Amino acid sequence: TQLLEQSPQFLSIQEGENLTVYCNSSSVFSSLQWYRQEPGEGPVLLVTVVTGGEVKKLKRLTFQFGDARKDSSLHITAAQPGDTGLYLCAGGRNSGYALNFGKGTSLLVTP
Amino acid sequence: NAGVTQTPKFQVLKTGQSMTLQCAQDMNHEYMSWYRQDPGMGLRLIHYSVGAGITDQGEVPNGYNVSRSTTEDFPLRLLSAAPSQTSVYFCASNRVPYPTGELFFGEGSRLTVL
């Protein structure tokens, strides 16, 4: 059972374009995290959101946690080739240890 | 700082063979976990540990064994390898308890079972 659904699965854009990646669930999460993974490496944490409605900005990246804490989005402004990678959302719940990962969005930004 | 170190990076096994994937962290993190990553499946939790001597099963534990005798090391054992265990395996550690703790991942171990 995939608790976190990410869309789109693949995204290919040109440098300078804006994009939004979505992470949706029917379950409520205590927190949602976004990781970025580059080929041949492990995922690296970008941000953790814990409050419904929370918005966090990391340079050109804007993360939002839904009011009901069931979904999140990642918006990238003026994408650069260095943003290329696999973006994973991960949801945590207080019951148990299971950190559920979405299947990821593979982003390719071409010059 | 080395962070989380996994060995080997690549391994090819024949069906039925056993092996151990090593994971070591130098950050004195209490929490460690193993994930497997398959195309189109995301990361799935195999086993985790909340401290030395304490381990528990994750989402896909069958065919794998773990132990945690020290804070630093968390090896993953494949008892009798099967082609379905062909995957990329990631070890992770975190200092802050779940669900807000940041996971620090190793670079992965790519396993092929023939």
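These numbers come from a predicted model, not from an experiment. Numbered from 1 within each chain, the chains take letters A, B, ... in sequence-line order.
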Say whether, by atom type as modelled, one donor and one acceptor occur between the side chain of Ser67(B) and the main chain of Ser69(B) under 3.5 angstrom.
no

Short question: side chain of Arg69(A), backbone of Val28(A) - any donor-acceptor pair under 3.5 Å?
no

Passing candidate, side-chain contact (heavy atoms from CB on, under 4.5 Å) with Phe74(B), options Gln25(B), Arg68(B), Gln22(B):
Arg68(B)

Going by atom types alone, do Ser93(B) and His29(B) pair a side-chain donor with an acceptor below 3.5 Å?
yes

Contact class of Leu86(A) relative to chain B, heavy atoms under 4.5 angstrom:
side chain

For the residue pair Trp34(A) and Phe63(A), does the interplanar ring angle fall in the parallel (under 30°), tilted (30 to 60°) or perpendicular (over 60°) class?
tilted

Against chain A, label Gln37(B) side chain, backbone, both or neither, depending on which of its atoms sit under 4.5 Å from a heavy atom there.
side chain

Taking Glu30(B) first and then Arg95(B), would you say they form a salt bridge - that is, a charged N and a carboxylate O separated by under 4.0 Å?
no

Here the gap from Thr105(A) atom OG1 to Leu11(A) atom CG, rounded to the nearest 0.5 Å, amounts to 7.5 Å

Please output the residues of residues 35-48 of chain A in contact with chain B, using a heavy-atom cutoff of under 4.5 Å, in numerical order.
Tyr35(A), Gln37(A), Gly40(A), Glu41(A), Gly42(A), Pro43(A), Leu45(A), Thr48(A)

